[in-house]
Amino acid sequence: MSHSRENIVVVGGGVAGLATALRLAPLPVTLVVASPLGAEAATGWAQGGIAAALGADDRPDLHAIDTLAAGAGLSEPEVARRVAAAAPEAIDWLVGLGTPFDRDAEGGLALGLEAAHSRRRIVHAEGDGTGRVVLETLTRAVRTCPSITVMEGWRASELLHDAQGHIAGIAARDRDGRTLTLPSRAVVLATGGLGGLYGATTNPLGAVGSGLALAARAGAVLRDMEFVQFHPTAMAVGGDAERAASGGPAPMPLATEALRGEGARLFNSRGERFMAEVPGQELAPRDVVARAIFAQIAAGETVVLDARLKDIDRRFPGVAALCRAHGLDPAVTPIPVRPGAHYHMGGIRVDATGRASVPGLWACGEVASTGLHGANRLASNSLLEALAYARWIAADIVGEQAAPGTPRAPSAPRPRSPARAEIRALMDRQVGVVRDAEGLATAAARLGALSARDGCDLSLVALAITEAAQQRCESRGGHFRADHPAPAAVARHSETRLAEPASDAAEARQVA
């Protein structure tokens with residue numbers, strides 16, 4: 001396998017990684033993906049769509065206003081405006097690649113409505129199959145792009161500095177334990193989120209924050225780690241009977257928010273529509289709906305989503321198929337739901353061009369904290385953010401003049417966590433939809449002990465979330481403290497940086 005120092009390494013095979021690799025063409029790119037290309041990426045599970053102000057009654061500034069409102073004081077206005085303005089070009093780019101988006105009767109793009117959007121602006125494909133369709137389109141484009149070399153079955157294990165402290169490449173390992181050093185003029189992390197750290201999640205179980213751990217160990221600043229978005233309507237089907245071989249429950253299927261946009265309603269086991277008096281009702285921001293459902297479940301109720309909509313099989317074929325796979329006909333029976341860890345608003349702190357705080361490193365997609373999502377991501381802004389920043393990152397790397405030096409030799413491989421199931425259960429109980437000081441202290445103590453024992457990525461990232469949640473003594477967006485239910489007067493970001501490790505198994509942490 002040939003690889004020169006002039007190559008650019010992109011780590012991750014979801015929309016962020018694929019779009020970045022394509023936007024970098026014709027520069028030589030090595031795309032490093034742990035699974036076969038197109039598999040195990042959260043993009044393929046995205047049912048909602050891509051937000052873009054394309055309607056006659058819509059404008060990018062209205063999209064930005066909705067984004068800022070959902071972000072609960074932590075979204076950055078300039079970022080929101082810039083990303084919203086970039087949305088039409090991103091859609092045009094995907095159309096140019098052959099993405100078969102759904103069309104209306106006149107042949108224009110069909111636009112759906114989702115929670116906290118003031119206009120119909122959700123571009124979708126095959127009803128609720130947008131993520132899968134976009135991923136398939138990008139995968140085909142990557143396969144046929146001569147400037148992209150794909151390394152499937154390899155996992156980035158370390159970011160490698162040169163003598164000047166620049167990121168100058170990565171170490172990668174395959175399933176057989178072989179290690180390669182890949183020198184690079186730039187490294188882009190597009191490794192996705194961390195929902196797999198939770199027992200109840202809609203994410204692939206490989207989404208455990210591995211990119212965050214790579215960046216943190218390399219000295220990059222992480223921001224707003226405490227902000228985890230819990231999707232209100234994960235399908236509560238299968239339960240403990242469905243166990244994942246890698247530790248704990250399998251991912252939960254998702255009942256897309258677009259169902260509520262088209263009229264689906266939430267009820268408890270007493271038949272009460274408990275969202276009826278809440279501002280926005282079922283289309284309130286995700287954190288509001290998730291806490292309302294959580295409160296019902298905590299009170300001993302079960303919650304269902306009544307999605308007995310006209311033509312549900314045609315309009316939402318993915319949801320219908322998932323329901324029927326679990327013995328449920330959504331046209332006849334309401335869908336049992338509960339909140340599940342879905343999206344991480346925090347991540348590697350990056351600037352307007354996707355640069356991290358360590359020279360030579362960029363981050364794109366869910367692994368990055370761009371300032372767009374703030375404390376609570378607006379629905380269908382995630383694929384948009386990845387597409388917009390892929391373009392800006394590629395332009396920045398093209399213009400980068402500094403050439404890194406020789407990467408240092410990689411360190412010894414870190415172990416996989418033997419406590420994965422324990423960590424997932426602990427995060428559900430103590431660092432979930434509703435948090436408090438006692439639960440967070442319990443979680444931090446146990447995660448600190450696990451991190452000191454094995455130094456694995458899972459305990460490192462879970463501890464970073466927990467410690468940031470301890471420090472934020474307020475409730476804002478996706479972070480809710482039962483002991484501090486009101487927001488603070490001033491919205492502030494949190495930042496996490498690992499100090500130089502005293503040993504491979506113990507890192508000092510500072511959360512500001």
Side-chain angles (χ1 to χ4, degrees), residues 10 12-26 29 31 33 36-55 58 60 63 83-114 117 119-148 150 190 192 254 256-258 261 314-319 321 364-366 378-394:
V10 177
V15 64
L18 299 179
T20 301
L22 288 165
R23 291 285 199 176
L24 281 163
V29 171
L31 184 64
V33 290
L37 196 59
E40 288 302 307
T43 298
W45 299 18
Q47 295 177 345
I50 304 170
L54 299 173
D58 203 2
H63 183 182
V83 172
E89 189 279 340
I91 298 298
D92 286 346
W93 183 71
L94 288 173
V95 170
L97 291 176
T99 309
F101 288 120
D102 295 341
R103 301 280 174 168
D104 60 24
E106 288 74 41
L109 291 169
L111 301 176
L113 178 67
E114 290 185 355
H117 285 274
R119 300 288 190 276
R120 298 185 76 90
R121 64 167 68 100
I122 312 304
V123 179
H124 44 83
E126 294 186 12
D128 53 6
T130 309
R132 175 182 53 77
V133 171
V134 169
L135 189 64
E136 289 171 353
T137 301
L138 294 175
T139 297
R140 284 194 299 270
V142 164
R143 291 282 193 202
T144 58
C145 183
S147 61
I148 301 174
V150 182
L254 185 65
T256 174
E257 198 161 276
R314 178 183 60 81
R315 295 162 68 191
F316 298 97
V319 168
C364 187
E366 191 172 352
L378 181 66
S380 290
N381 266 356
S382 56
L383 297 183
L384 169 60
E385 179 195 44
L387 291 163
Y389 273 86
R391 178 185 172 195
W392 298 330
I393 287 168

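Heavy atoms only: backbone and side chains are in, while hydrogens, waters and symmetry mates are out.
Here the closest heavy-atom approach between residue Thr130 and residue Ala125 is recorded as OG1-N, 3.1 Å. The two residues Thr20 and Cys364 make their nearest non-hydrogen contact at OG1-SG, 3.8 Å. Among all heavy-atom pairs drawn from Ile91 and Ala52, the shortest one is CG1-CB, 3.9 Å. The two residues Leu31 and Gly12 make their nearest non-hydrogen contact at CD1-O, 3.4 Å. Between Ala258 and Glu114, the shortest heavy-atom distance links the atoms CB-OE2, 4.0 Å. The two atoms that bring Val29 and Ala21 nearest to each other are CG1-CB, 3.9 Å, heavy atoms only.
Judged by distance alone, the side chain of Thr99 and the main-chain N or O of Thr137 form no donor-acceptor pair under 3.5 Å. Panel note: side chain Thr144, backbone Ala141; a donor-acceptor pair is recorded below 3.5 Å. Between the Asp128 side chain and the Gly318 main chain, a donor and an acceptor come within less than 3.5 Å of each other.
Residues Leu24 and Val10 have side chains in contact (heavy-atom distance under 4.5 Å, counting atoms from C-beta outward). Two residues are said to be in side-chain contact when any heavy atoms from C-beta on lie closer than 4.5 Å; Phe101 and Val133 fail this criterion. Contact of the Asp102 side chain with the Leu109 side chain is not registered, since no non-hydrogen atoms from C-beta on lie closer than 4.5 Å. Taking 4.5 Å as the limit, every side-chain heavy atom of Val83 sits out of range of all side-chain heavy atoms of Pro60. Contact annotation: the side chain of Asn381 approaches that of His63 to within less than 4.5 Å [non-hydrogen atoms, C-beta and beyond].
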Inset, instruction - Apply side-chain contact (heavy atoms from CB on, under 4.5 Å) to the pair Arg391 and Glu89, showing each step before the final yes or no. - result: CA-CA 10 Å; Arg391 178 185 172 195; Glu89 189 279 340; 3.4 Å; yes
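To the nearest 0.5 angstrom, Arg121 atom CZ is 10.5 Å from Ser380 atom OG. Separating the CG atom in Asp58 from the CZ atom in Arg120 is a distance of 12.0 Å, to the nearest 0.5 Å. To the nearest 0.5 Å, atoms CD1 (Ile122) and CD1 (Ile50) are separated by 9.5 Å. The line from CZ of Arg119 to CG of Leu54 is 13.5 Å long, rounded to the nearest 0.5 Å. Taking CG of Leu18 as the start and CD1 of Ile148 as the end, the distance is 8.0 Å to the nearest 0.5 Å. One distance of note links CD of Glu126 with CZ of Arg314; it measures 13.5 Å at 0.5 Å rounding.
Remark: Arg23 fails to qualify as a cation-pi partner of Trp392 under the 6.0 Å distance and 45° angle criteria applied to the six-membered ring.
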